[in-house]
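One structure is given below, encoded as structure tokens.
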Amino acid sequence: MSTRTRFAPSPTGYLHVGGARTALFSWLHARKHGGRFILRIEDTDIERSTIESVNAILEGMTWLGLEYDEGPIYQTERFDRYKEVIQQLLDSGDAYRCYCTKEELERMRAEQMGRKEKPRYNGCCRPGAEPREGVNPVIRFRNPVEGAVIVDDLVRGKIVFNNSELDDLIIARSDGTPTYNLTVVVDDLDMGVTHVIRGDDHINNTPRQINILKALGAELPQYAHVPMILGDDGKRLSKRHGAVSVMQYREDGFLPEALLNYLVRLGWSYGDRELFSLDEMISLFDIKDVNKAASTFNSEKLLWLNHQYIMNSDPAHVAHHLSYQMGRLDIDPVDGPELVEVVKVQRERTKTLVEMAQNSAFFYRDFDCYDEKAARKNLKPAAVEALADMLDAFKALPDWSSEAIHKVVVETAELRELKLGKIAQPLRVAVAGGPVSPPIDITLELLGRERTVQRIERAIAWIEAQGTAV
RNA sequence: GCUCCCAUCGUCUAGCGGUCCAGGACGUCGCCCUCUCACGGCGAAAACAGGGGUUCGAGUCCCCUUGGGAGUACCA
């Protein structure tokens, strides 16, 4: 049977990095084995599910490039099928109606906890209960009492659960809607899922699901429970830890492939390798090699990876993503140099696209004011002469190239008997507004003669104005 | 409480009984390069949670302790 995997989020929020990694593992497994990857939306909890969340998840998957072969399949559209299976279970005696009220169940739990027992349903309606006035029954699965369920997990190995530890779980609420453990089983079965790859917070659900599958006479899929991702404090990753939404990483200037690369290395490795292209991930990844222990999300390393991808990816590709950030700054790339050229000169000095956009804004529009510290240090009266020299030279330059510009800067330094830094830095602040930019000759070449001239004039005027103001 | 899971540098990890006075990466700290910021190069500090076994030999296998995590819903 050909491999079929799925990612089945419940739409109660955005796609977070933990879910994204589970989806990635599942996607990789399908791709590696030439199988199919299914997206299923588990929206049976109508109270908590929202269409916004569905869209956010879809958007996240798209940005990451985790394309699905089937779906999205919505569970809310499959209620008839679930009802059919529930009826089947009822008919075969593997399920029964339970008339206990929520209040009774709560009391039962409280008493059990008081006796330091594991809280579980006591099975009072199991032998068959009489309908009660005013009580809409729930339907429970009749879990085997004897024996044990052995989960042969691809990442955990064998896990044994005694049936005596399990109780009769509810598969249909009193309003008739199916619950999670039932829908997962039916869906995975109907969709022919061969490998259930999911977070290890589902381990405890697995034996129950296996029992239902067995009652249905179905063949079991392979299970792989991947460890969770923790925040810096060792607790399960959540909003408290900062950016957890996949789309927030786009906002923060990350390349999707950098995030993917970071995620795949969290709980998985291939020797000493750190960098993996998508194709390499597909060929090298093996779900069996995934670690058992939970791992902590480390933003610093993600930043490093992002920088690696910014530096080593095709500049045109980076430029494409950079344009999004430029848009957020209200910059239209037609107002300055080609974005690709900007990427080429900025990529080794910025770790995120946000940073790159901010540090490159001066190529496209005038800045409002100088960086205070840099101006104080570099835009001093002593710099005026050299700036004026270069201004004249630049105006007269027949050829506006970095080589010619470089020559002017060097010659001015020699003429004024100053170190290159004493010349280049004031010039840099004058044209870029701050102390950081690519090499000055390249910066000016990209900026263009017109803007260079204007900005040097502006700087000279500014310095002189400072002098008279004090 | 009960059930299940986990445990190598601060973090991600290599290690699948001897080749480990434990290797790589991020980060940190030095030095070099340098017109700024970076890139890059070189180097340093930094870990087998503890205790019992098994074995000629244990980071690697078993048990216990400790510490973490998950589940324990008419949520998923």
Side-chain angles (χ1 to χ4, degrees), chain A residues 8-12 42-45 47-49 75 98 100-102 105-106 109 112-120 136-140 151 153 156-157 159-162 165-167 169-181 183-184 199-207 225 227-228 230 232 234-236 262 265-275 291-305 307 311 346-351 359 374 378 406 409-410 413 419-429 432 434-441 443:
Chain A
S10 60
T12 54
E42 308 217 322
D43 54 354
T44 52
D45 184 356
E47 297 279 302
R48 300 197 308 152
S49 300
Q75 292 191 320
C98 167
C100 297
T101 63
K102 280 185 188 175
L105 294 175
E106 268 166 41
R109 259 194 295 277
Q112 288 166 331
M113 295 277 269
R115 274 182 266 126
K116 304 199 170 187
E117 285 169 17
K118 183 179 183 175
R120 52 220 285 257
N136 286 322
V138 297
I139 297 170
R140 289 183 185 271
V151 182
D153 196 280
R156 303 292 164 141
I159 309 170
V160 182
F161 294 88
N162 284 316
E165 294 295 337
L166 273 24
D167 63 358
L169 73 157
I170 293 173
I171 55 175
R173 304 182 181 95
S174 47
D175 64 2
T177 58
T179 60
Y180 167 75
N181 281 300
T183 59
V184 184
D200 70 6
D201 47 335
H202 287 291
I203 286 186
N204 289 293
N205 288 322
T206 309
H225 287 94
M228 318 237 68
L230 275 22
D232 323 317
K235 298 267 189 248
R236 190 177 170 163
Y262 179 73
R265 278 285 287 102
L266 213 51
W268 176 80
S269 64
Y270 187 80
D272 286 345
R273 274 182 92 149
E274 295 292 347
L275 268 16
N291 283 166
K292 298 176 182 184
S295 41
T296 306
F297 196 87
N298 184 240
S299 309
E300 291 292 333
K301 186 152 185 181
L302 170 59
L303 216 44
W304 174 79
L305 266 167
H307 192 193
M311 284 194 291
Q346 293 284 38
R347 58 181 171 177
E348 65 200 23
R349 66 200 81 242
T350 55
K351 293 189 176 186
N359 293 355
N378 298 292
H406 183 72
V409 176
V410 171
K419 288 220 270 191
L420 208 49
K422 292 285 178 192
I423 295 290
Q425 205 51 9
L427 185 53
R428 173 170 284 116
V429 179
V436 178
S437 89
I440 196 64
D441 47 353
T443 300

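Worth saying up front: this structure is predicted, and the values here are computed from it rather than measured. Order of the sequence lines fixes the chain letters, A, B, ..., with proteins taken first and strands second; residue numbering starts at 1 for each chain.
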Whole angstrom value for the distance that separates [atom2] of [N] from [atom1] of [X]:
X	N	atom1	atom2	value
A:Asp200	B:A70	CG	C1'	6 Å
A:Leu230	B:U11	CG	P	11 Å
A:Leu166	B:C2	CG	C1'	13 Å
A:Asp167	B:C4	CG	C1'	15 Å
A:Lys292	B:A7	NZ	P	7 Å

Contact class for A:Tyr262 vs. all strands (heavy atom < 4.0 Å): base, sugar-phosphate, or nothing? nothing

Give one of base, sugar-phosphate or nothing for A:Gly114, where a contact means two heavy atoms less than 4.0 Å apart. nothing

Can you sort out the partners of [X] under salt bridge (charged side-chain N to carboxylate O under 4.0 Å, His left out), two or more places apart, ordered by chain and number?
X	answer
A:Arg120	none
A:Asp153	none
A:Lys118	A:Glu165
A:Lys301	A:Glu274

Heavy atoms under 4.0 Å is the rule here; annotate nucleotides 25-48 of chain B 5' to 3' with B where the base is hit, S where only the sugar-phosphate is, and - elsewhere. BSS-------BBBBS---------

Provide a list of protein-nucleic acid N or O atom pairs under 3.5 angstrom, restricted to nucleotides 58-66 of chain B.
none

Check nucleotides 72-76 of chain B for protein N or O atoms closer than 3.5 Å to its own N or O atoms and list the pairs.
{"unit_1": "B:U72", "atom_1": "O2'", "unit_2": "A:Pro119", "atom_2": "O", "d": "3.2"}
{"unit_1": "B:C74", "atom_1": "O2", "unit_2": "A:Ser174", "atom_2": "N", "d": "2.9"}
{"unit_1": "B:C74", "atom_1": "O2", "unit_2": "A:Ser174", "atom_2": "OG", "d": "2.9"}
{"unit_1": "B:C74", "atom_1": "N3", "unit_2": "A:Ser174", "atom_2": "OG", "d": "2.9"}
{"unit_1": "B:C75", "atom_1": "OP1", "unit_2": "A:Arg173", "atom_2": "NE", "d": "3.2"}
{"unit_1": "B:C75", "atom_1": "OP2", "unit_2": "A:Arg173", "atom_2": "NE", "d": "2.1"}
{"unit_1": "B:C75", "atom_1": "OP2", "unit_2": "A:Arg173", "atom_2": "NH2", "d": "2.8"}
{"unit_1": "B:C75", "atom_1": "O3'", "unit_2": "A:Arg173", "atom_2": "NH2", "d": "3.0"}
{"unit_1": "B:C75", "atom_1": "O2'", "unit_2": "A:Asp45", "atom_2": "OD2", "d": "2.6"}
{"unit_1": "B:C75", "atom_1": "O2'", "unit_2": "A:Arg48", "atom_2": "NH2", "d": "3.2"}
{"unit_1": "B:C75", "atom_1": "O2", "unit_2": "A:Arg48", "atom_2": "NH2", "d": "3.0"}
{"unit_1": "B:A76", "atom_1": "OP1", "unit_2": "A:Thr44", "atom_2": "OG1", "d": "2.8"}
{"unit_1": "B:A76", "atom_1": "OP1", "unit_2": "A:Arg173", "atom_2": "NH2", "d": "2.3"}
{"unit_1": "B:A76", "atom_1": "OP2", "unit_2": "A:Arg173", "atom_2": "NH2", "d": "3.3"}
{"unit_1": "B:A76", "atom_1": "OP2", "unit_2": "A:Tyr180", "atom_2": "N", "d": "3.0"}
{"unit_1": "B:A76", "atom_1": "O3'", "unit_2": "A:Glu42", "atom_2": "O", "d": "3.4"}
{"unit_1": "B:A76", "atom_1": "O3'", "unit_2": "A:Glu42", "atom_2": "OE1", "d": "3.2"}
{"unit_1": "B:A76", "atom_1": "O2'", "unit_2": "A:Ser10", "atom_2": "OG", "d": "3.2"}
{"unit_1": "B:A76", "atom_1": "N6", "unit_2": "A:Asn205", "atom_2": "OD1", "d": "3.3"}
{"unit_1": "B:A76", "atom_1": "N6", "unit_2": "A:Asn205", "atom_2": "ND2", "d": "3.2"}
{"unit_1": "B:A76", "atom_1": "N1", "unit_2": "A:Asn205", "atom_2": "ND2", "d": "3.3"}

Looking only at atom [atom1], what distance separates [N] and [M], rounded to whole Å?
N	M	atom1	answer
B:C32	B:G23	P	27 Å
B:U8	B:A47	C1'	6 Å
B:U72	B:C16	C1'	35 Å

Pair A:Asp175, A:Thr177: side-chain N/O donor-acceptor within cut-off below 3.5 Å: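 There is such a pair between these side chains.
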
Both distances below 3.5 Å, Watson-Crick or wobble geometry, any strand: find the nucleotide opposite B:C56.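 With both distances under 3.5 Å, B:C56 matches B:G18.
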
Any-strand Watson-Crick or G-U partner of B:U72, both distances under 3.5 Å: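 By the stated definition (distances under 3.5 Å), B:G1 pairs with B:U72.
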
Within the 4.5 Å heavy-atom criterion, are A:Ile203 and A:Arg156 side-chain neighbours or not? yes

Applying ring-ring contact (aromatic ring centres under 6.0 Å, His included), name anything that partners A:Tyr180, two or more places apart in sequence or on another chain.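 With sequence neighbours excluded, A:Tyr180 shows a ring-ring contact (aromatic ring centres under 6.0 Å, His included) to A:His202, given in chain and number order.
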
Side chain to side chain contact (heavy atoms under 4.5 Å, CB included) partners for A:Ala424, two or more places apart: A:Ile440

Quick one: list whatever passes side chain to side chain contact (heavy atoms under 4.5 Å, CB included) with A:Ser10, sequence neighbours left out. A:Thr12, A:Glu42

Residues passing the side-chain hydrogen bond (donor to acceptor under 3.5 Å, both in side chains) test with A:Asp272, sequence neighbours excluded, are none

My understanding is that only residues two or more places apart in sequence, or in another chain, count here; which of them pass side-chain hydrogen bond (donor to acceptor under 3.5 Å, both in side chains) with A:Arg428?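 Listed in chain order: A:Gln425, A:Ser437.
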
On RNA chain B, more 5' by nearest nucleotide between A:Ile203 and A:Arg273 is A:Ile203

OP1 or OP2 of B:G24 versus the side-chain N and O atoms of A:Ser269: is any pair under 4.0 Å? no

Name the orientation of the base relative to the sugar in B:C39: syn if the glycosidic angle is within 90° of 0, else anti.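 Syn, which is what one calls it when the glycosidic angle falls within 90° of 0.
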
